[in-house]
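One structure is given below, encoded as structure tokens.
Letters A, B, ... mirror the listed sequences (proteins, then strands); counts begin at 1. Any value given below was found using the heavy atoms of this structure, including those in side chains, with hydrogens, waters and symmetry copies removed.
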Amino acid sequence: MSIVSILQKSTIESLSALYNQSFTEKDFQINQTKPEFEGDYTVVMFALVKSLKLSPDAIGNQLGDHLTKNYPQYFSAYNIIKGFLNLTVADAYWQELLNKNYNDICYGKKEMNGKKVMVEYSSPNTNKPLHLGHLRNIFLGWSVAEILKANGYEVVKSCIVNDRGIHICKSMIAWHLFANGATPESTGIKGDHFVGDYYVKFNDAYKAEVEKLVSEGVDKATAEKEAPIMKATQQMLLDWEDGKPEVMELWKTMNGWVYDGFDVTYKNIGADFDKIYYESDTYLLGKDIVKQGMDKKVFFQKEDGSIWIDLTNDGLDEKIVQRKDGTSVYITQDIGLALQKYEQYGIDQSIYVIGNEQNYHMKVLQLICQKLGMPNADNIYHLSYGMVELTSGKMKSREGTVVDADDIVDEMITTSAQHTEELGKVKDFTADELKELYNTIGLGAMKFYLLRVDPKKTMVFNPTESIDFHGFTGPFVQYTYARIKSILRKQSDSGQLAVGIDQMSSNLLKPEKDVIVAAEQFPLMIEQAAQEHNPSVIANYVFHLAKTFNSFYSELSVANAETEEKEQLRLRISLLTANILKSGMQLMGIKVPERM
RNA sequence: GGUCUGGUAGCUCAGCUGGAUAGAGCAUCAGCCUUCUAAGCUGAGGGUCAUUGGUUCGAAUCCAAUCCAGAUCACCA
């Protein structure tokens, strides 16, 4: 149990003993004591004043007295300042916490709880390579999956690949027209980029055709419809739906190139999936559901034959679920897939990592699932994240301001290599070791930068800032870890960690205690991060712990401690910190190096 | 126009289930490497928490209105 819970419980018990009144945790507030005051945790008295009809200071005195007398193993001293009861937590508590957990690499993680969650993330189109926005999505999805695992959930990581449709046909047509049989192999271009280039070529050609038509006197709307390349694309989509062999062949080949490219990127950044869905398999799902929905009178048909749902009572509009020609729309297959996920995996919760531009869509999807009575509809959760913008504004593919995922990752790794070489601390590393280190640092910087911000907020990507390795960054935390490992290596050589220190003869010094206090909060942070589906909780925490440790490191020596006992204590503090930094970073998909 | 987000230091962000003098990092300035890794540490300056009203012993935090920015409201996906 955390010290905050202990304090809550014992305060409730004390208040009941003192005043014969019962309270709950919600009746008073507990905060960490501000550094300028004496104490570790603070009970705020004001909320109790009304029901107890006593002054804040009077309650504080009686409560502080009672707590220190009856729970001496937890609270050793108190003071009252302006209605705030500041309690000093007994060294024995911190001591015990440290001794119990210092060597536990699973510290903070929970037992399996028997619940299953699916996290869907990444979900790319197969007509262009991944970009910075996908990276935020992927890192978020992966991290949330890890955080849920740490909280005891079984997690299935999934991905829906948008591999069909008019936009895919665009790059196919462009390849057909302009490639002269070129392939990724023949050009040496990575498959996803190769296909993406033809998507761009399509748009260029299309634009030129439209302009030409307009200059010939055709009005713009007609020109956009009648441009030959667009008509060819639409024909290709029909051919695809008919399963025309040569179209299917081209489609498979080009998607294959894209998947080869994606695989490389995923591997580089350490992303993976347990289940991949393809839209070409799922796009017909949901047709049965439309029928069922009609029977249940959830849906209704208009005179032209199209099928709709009326969501006006829920503050939304009417939404189409099937076109008048009987084909299904985007949301219909989503309903089908939502049900399929549940049927295949029996998941208790279904998380969708999707940008906030689809808030409306996801709200509609959940409402429809609920109205259809789908078993887990209430447990659909849209992890809605904000767009990544540049300092110059939004990324726009048409203006070529999109930051490519492979490019930015390469850049981060190159920068980490330069930086590491300048510092010259790992000159004895082999080429392979160096490569691994550069990857660890570069990717660590990248992931930390994207995960440290609250997911739901729009964030600004500043290239210069993102490759900074100082301060609130991944490399800072990695560096702190490497420093600790350096201490531990030296000490374990001399077998130091064997000696017990269950009884301390001297008090904890401030820097020592600060680190333990921070370490004690790790389990709460894992819980909070899971509740909020928010990896930035972990990023902020891990940074705070690393910072606290660095202060400790600069003020006190482990190797040359005043006494044997202090040396042991500090070794344990160091080991505990290292373990937490490692598992905390792991929750964000970031590795930590033994040396850097 | 309807709905939903957001507005905190020069910049990027914490804090938002109400509590003490609003915190970090970057940038700027001043110190600290003969002692466990200076990718570090210590300190300084920097704020009308968009604005106005309300609720409260107490508001960056809750409520209302206003201003500003963004998203969305397709028989597109």
What interatomic distance, in whole Å, is found between [atom1] of [M] and the corresponding atom of [N]?
N	M	atom1	value
B/A9	B/A22	P	14 Å
B/C57	B/C13	P	38 Å
B/G47	B/C11	P	13 Å
B/U61	B/G53	P	14 Å
B/U21	B/C29	P	33 Å
B/G45	B/G7	C1'	25 Å
B/A60	B/G19	C1'	13 Å
B/A20	B/U42	P	23 Å

| Inter-residue atom distance A/F28.CZ - A/L7.CG, 0.5 Å rounding | 7.0 Å
| request: Using the ring of A/Y283 (Phe, Tyr or Trp, six-membered ring only), decide whether A/R164 places NZ or CZ under 6.0 Å from its centre and within 45 degrees of its axis. | output: yes
| query | If you draw the axis of the six-membered ring of A/Y553, does the NZ or CZ of A/R483 fall within 45° of it and under 6.0 Å from the ring centre? | reply | yes
Counting any heavy atom closer than 4.0 Å, what does [X] reach on the DNA or RNA strands: base, sugar-phosphate only, or nothing?
X	answer
A/N162	nothing
A/N125	nothing
A/V460	sugar-phosphate
A/I441	base

| query | Does the base of B/A20 carry an N or O that pairs as donor and acceptor with the side chain of A/N86 under 3.5 Å? | reply | yes
| query | Any N or O donor-acceptor pair linking the side chain of A/T42 to the base of B/A20 at under 3.5 Å? | reply | yes
| Heavy atoms, side chains only, cut-off 4.5 Å: are A/F552 and A/L509 in contact? | no
Any idea which of [options] is nearest the [X] side chain?
X	options	answer
A/D304	B/C75, B/A20, B/C73	B/C75
A/K457	B/G40, B/A14, B/G18	B/A14
A/K50	B/U21, B/C57, B/U37	B/C57
A/K394	B/A71, B/G7, B/U12	B/A71

| task | Could you tell me whether A/E436 atom CD has more than 12 heavy atoms of other residues or ligands within 6.0 Å of it? | result | no
| With a centroid cutoff of 5.5 Å and a plane-angle limit of 30°, would you call A/F46 stacked on B/G58? | no
| Has A/F543 got its ring stacked on the base of B/A24, with centres under 5.5 Å and planes less than 30° apart? | no
| Reading nucleotides 27-36 of chain B from the 5' end, what letters show protein touch, with B for base, S for backbone sugar-phosphate only, - for no heavy atom under 4.0 Å? | --------SB
| query | Any ion pair linking A/R570 and A/E562 (charged N to carboxylate O, less than 4.0 Å)? | reply | yes
| field | A/E38 backbone acceptor or donor facing A/T88 side chain under 3.5 Å | value | no
| query | Sub-3.5 Å donor-acceptor pair from the side chain of A/T33 to the main-chain atoms of A/D40, do we have one? | reply | yes
